[in-house]
Protein chains: 2
Amino acid sequence: MDVKILCLGVLSRGEASGYEIKKAFEEGPFSHFHQASFGSIYPALNALSAEGLVACRAQAQEKRPDKKIYSLTAKGRDVFTTALLAEPDHDRMRSDFLFILSFAQFLPPARVAALIDQRIAWYRESLERMEDCEAARCSPPGATFVRGMGIAVYRAAAEYLETNRDALIADVAEPEALVAE
Amino acid sequence: MDVKILCLGVLSRGEASGYEIKKAFEEGPFSHFHQASFGSIYPALNALSAEGLVACRAQAQEKRPDKKIYSLTAKGRDVFTTALLAEPDHDRMRSDFLFILSFAQFLPPARVAALIDQRIAWYRESLERMEDCEAARCSPPGATFVRGMGIAVYRAAAEYLETNRDALIADVAEPEALVAE
DNA sequence: GAAAAATATATCAGAGCAATATATGTATGG
DNA sequence: CCATACATATATTGCTCTGATATATTTTTC
């Protein structure tokens, strides 16, 4: 599932510029399970345009660079729905936070506390954003389902951190307690 | 946090070959939040060797290619603990499964069911592997904490899928029900 | 007894990210 | 009241990393 297919997916929800596609992955409905950078989106849109999978209409803007608004063609919609039937690649998670935390014994306890507190705050902010999302009301069933799963998982993560925070900090502060016994 | 630091992290838990480092990310203690391929691990180990951060000892093996066993040097341990103090990059999740499922309205209901069932099975298998992990008993506090978080999150994900599976399939099968009302 | 999977290292093409460049508008704050 | 930061908008480039492939042998599975 490359960036071209991801772009087709965003465009299947309505026309958008490259900048807006980026935002869909940064703050929008895909933010908690996918992302794409400008360095991959703009080339992808050019390629899709050349292949006739998207149409491009330039919107002249006063006092701003021209906006290139892309929309799916019939052929593009076809390619997208076919791509959806393929076997999904395995999920990939990359968390420097968890990697660092798994070596908590090498960190000052105060640092461990700060890391966890920052992360709890981040989860709580994300949850707020995801929960009172206006657009969610009229979303298709799949999007609603996936959003609900994001909320369930983030909530479990935040609760775990809140519940086990103090025990980890205590363990790190007194590393001998267990061994000495 | 590049692959070189990841390798130092694995080696801080004990000496290992490139092949064994790969396994640590595939099935081992890091599998649920990080990964690295051979194409990045082997060059990283060469670079670390050249920089004097790891030592390499070749173990001749009967009937197998020679195993190159790497271990941390004092300098390597130093670089690693310093790297741990840096601000972690934001987490990155990449799930084709959720992306595809967010467009469930374009899929046959049977396909949606199959996707979800496969995923539930995968979560349950992973949970089993993570829960009865022998090595976990004598792991450092950070590793135990992170493992517990993985279990909590996977469990929440599996439960969400089990709870909401049928409702999604019903919604996809009867797409007009809501609009017609 | 054949096929598949595991052990083990290594390389390379291509994909994609982070940083940077360019140009301008709006908000923040001292 | 001006400077700094942030938002809109597209584009490119260097560098990192993945996925596929190559090579060679053993062990397991069917």
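Chain letters run A, B, ... following the sequence lines, proteins first and then strands; every chain starts at 1.
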Within 45 degrees of the ring normal and closer than 6.0 Å to the centroid, is that where the cationic atom of B:K22 sits relative to B:F38?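 That pair qualifies as a cation-pi contact.
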Could you list the residues that satisfy side-chain hydrogen bond (donor to acceptor under 3.5 Å, both in side chains) with B:S102, not counting sequence neighbours? none
Any A:R94 side-chain nitrogen or oxygen under 4.0 Å from OP1 or OP2 of C:dC17: no
Write out all pairs satisfying side-chain hydrogen bond (donor to acceptor under 3.5 Å, both in side chains) with one or both partners inside residues 74-85 of chain A, taking only residues at least two apart or from two chains. none
Terminal helix-axis angle for the helix from C:dG1-D:dC30 to C:dG30-D:dC1, with five pairs defining each axis and rounding to 10 degrees: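 Angle reported: 50°, given to the nearest ten degrees.
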Are the side chain of [X] and the backbone of [Y] linked by a donor-acceptor contact shorter than 3.5 Å?
X	Y	answer
B:R129	B:E27	yes
A:T163	A:E159	yes
A:Q35	B:M93	yes

Tell me the interatomic distance from [X], atom [atom1], to [N], atom [atom2], rounded to whole angstroms.
X	N	atom1	atom2	result
B:D2	C:dC17	CG	P	17 Å
A:I5	C:dA15	CD1	P	13 Å
A:M1	C:dA15	CE	P	15 Å
A:I41	D:dT10	CD1	C1'	12 Å
A:R92	D:dT18	CZ	C1'	7 Å
A:R57	D:dA9	CZ	P	13 Å
A:L6	C:dG16	CG	P	8 Å
B:N46	C:dA10	CG	P	6 Å

Of D:dT12, C:dC17, C:dT9, the nucleotide closest to the side chain of A:Y42 is D:dT12
Winner on side-chain proximity to B:P43, out of C:dG16, C:dT11, D:dG19, is C:dT11
Would A:Y154 and A:W122 satisfy ring pair (Phe, Tyr, Trp, His ring centres under 6.0 Å), going step by step from the backbone distance to the final call? CA-CA 10 Å; A:Y154 276 23; A:W122 182 86; 5.5 Å; yes
Is it true that [X] and [Y] fall in one hydrophobic cluster, defined by side-chain heavy atoms closer than 4.5 Å?
X	Y	result
B:L6	B:I69	no
A:L168	B:M130	yes
A:Y70	A:Y19	no

One thing to verify: whether A:E15 and A:K68 come together as a salt bridge, which I'm taking to mean a side-chain N less than 4.0 angstrom from a carboxylate O.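 A:E15 and A:K68: not salt-bridged.
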How about B:Y160 and A:F145: are their ring centroids closer than 6.0 Å? yes
Kindly state whether the ring of A:F80 and the ring of B:F103 have centres lying under 6.0 angstrom apart. yes
Report, one pair per line, the protein and nucleotides 19-21 of chain C atoms (nitrogen or oxygen only) whose separation is under 3.5 Å.
none

Under 4.0 Å, heavy atom to any atom of DNA chain D: which of residues 25-37 of chain B qualify? B:Q35, B:A36, B:S37
Using a strict heavy-atom distance below 4.0 Å, which residues from residues 17-24 of chain A are in contact with DNA chain D?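 Heavy-atom contacts with DNA chain D come from A:S17, A:G18, A:Y19, A:K23.
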Which residue lies toward the 5' end of DNA chain C, B:K68 or A:S40, if each is placed at its nearest nucleotide?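 Nearest-nucleotide comparison on DNA chain C picks B:K68.
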B:D96 and A:H34: side chain donor to acceptor below 3.5 Å: yes
